Amino acid sequence: MSATGKKLLITRQTLAPVLDALRASFDVTEGDGALDAAAAARALETYDAIIPTIGDDFSAQVFEMAGTIRCGVLSNYGVGYSHIDDAAAKAHGLVVSNTPDVLTDATADIGMTLLLATARRAGEGERMVRSGAWSGFGPKGLLGTHVTGKTLGIVGMGRIGQAVARRGHYGFSMPVIYYNRSRKDAGLPARQVESLAELMSEADFVVVTVPGGRETTGLIDRAALAAMKPSGIFINIARGEVVDETALIDALEAGAIKGAGLDVYVNEPDVPARLTALDNCVLLPHLGSATFETRVAMGMVAVRNVRAWAEGRPLPQGV
Ligand code: DGY
């Protein structure tokens, strides 16, 4: 038996250092797939502690569906926790935490990866080489969009937005504008704009980094996309539901915007066939935090949170 004797479910297979640290304190069950509502309700009845992640359904109805709830903590493996209704969890006596900070750089890097890959048509080029369709260098071959000096517009200026701003400004001499509820440019070469419409229409590259959840669902709607320049490139490293996905696909199909780079989708892991059919977008499988170092660091934050709960201490990253 583990040190605490408490039963813990981590809903996905995880990395050895994280698993070892968990096993020192808990009786660990490793899951291997997303929990739907029924499975999540059963987990709440069965385990003392749960480490969930995106794709697990801990919406408000799940706490109502569960019988007697045994679980006292949801220590989310990730910074975004829009799959957890934290108000409902707290109303049922649970504490909730996440893993901010440690994934900021990795996620900002994926934002820049998508920005560059979309601007420079790297996905198309890669497919061309692999398929044997490349016929050699030519002055007109796969011409992309210049990045250096273009205006970078950031929607949501939290930690990740700020890290993208620094990369754009210092790495690519980009003037940076941002849209955020509060002013967040202390020490940063960035200018706040008044409205989302202003940001969408001024930026050459729009990068969305807002947290998901009720407050930001549908923030980038059809009208916001329509305000973009025809040469504009749209990048989403936040959550799929922040964007009207159908409106985005319509804009890409119509050539109303130049391209999109996406790491997140409304119904992950399902990606609309209309999107995968398009050449003017680069599509990644939610890789924002996917470096070995970052995923271990996230796991260790989740471990520290759940241990604090087991020892009756405040959670270091409680939400
Ligand atoms: C995060 O940490 O929010 C990542 O997107 C994985 O969920």
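The shown structure was predicted, so the numbers you read here are calculated from the model rather than taken from an experiment. Counting convention: from 1, in listed order, for ligands and their atoms alike.
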Quiz item: Backbone or side chain, does any N or O of Thr53 fall under 3.5 Å from an N or O of ligand 1?
Solution: no
Quiz item: Under a 4.5 Å cut-off applied to non-hydrogen side-chain atoms, are Gln162 and Ile154 in contact?
Solution: no
Quiz item: What's the shortest distance from atom 2 (O) of ligand 1 to any protein heavy atom, and which residue and atom give it?
Solution: Val79 N, 2.7 Å
Practice problem: Determine whether the side chain, the backbone, both or neither of Thr107 has a heavy atom under 4.0 Å from any heavy atom of ligand 1. | Solution: neither
Quiz prompt | Side chain to side chain, Tyr178 and Arg183, heavy atoms closer than 4.5 Å | solution = yes
Quiz prompt | Atom indices of ligand 1, in the order listed, that fall short of 4.0 Å to a heavy atom of Ile54 | solution = 7 (O)
Practice problem: Run the numbers for me: atoms of ligand 1, each under 4.0 Å from some heavy atom of Gly80, listed by number. | Solution: 1 (C), 2 (O), 3 (O)
Practice problem: Show which atoms of ligand 1 fall inside a sub-4.0 Å distance from at least one heavy-atom site of Gly78. | Solution: 1 (C), 2 (O)
Quiz item: Heavy atoms, side chains only, cut-off 4.5 Å: are Val242 and Val210 in contact?
Solution: yes
Quiz item: Can you find a pair of side-chain heavy atoms, one from Leu9 and one from Thr46, that are under 4.5 Å apart?
Solution: no
Quiz item: Can you list the ligand 1 atoms lying under 4.0 Å from a non-hydrogen atom of Leu103?
Solution: 2 (O)
Exercise. Using a 4.5 Å cut-off on heavy atoms from C-beta on, say whether the side chain of Met228 contacts that of Ile233.
Key: no
Quiz item: Starting from atom 7 (O) of ligand 1, which protein heavy atom do you reach first, and at what distance in Å?
Solution: Arg239 NH2, 3.2 Å
Exercise. Identify, for atom 4 (C) of ligand 1, the protein heavy atom at the shortest distance, and state residue, atom and that distance.
Key: His286 NE2, 3.6 Å
Quiz prompt | Separation between OG1 of Thr113 and CD1 of Ile237, rounded to the nearest 0.5 Å | solution = 9.5 Å
Practice problem: Give the contacting part of Glu268 toward ligand 1: side chain, backbone, both or neither, where contact means a heavy-atom distance below 4.0 Å. | Solution: neither
Quiz item: Is there side-chain contact between Ile10 and Thr29, with at least one heavy-atom pair below 4.5 Å?
Solution: no
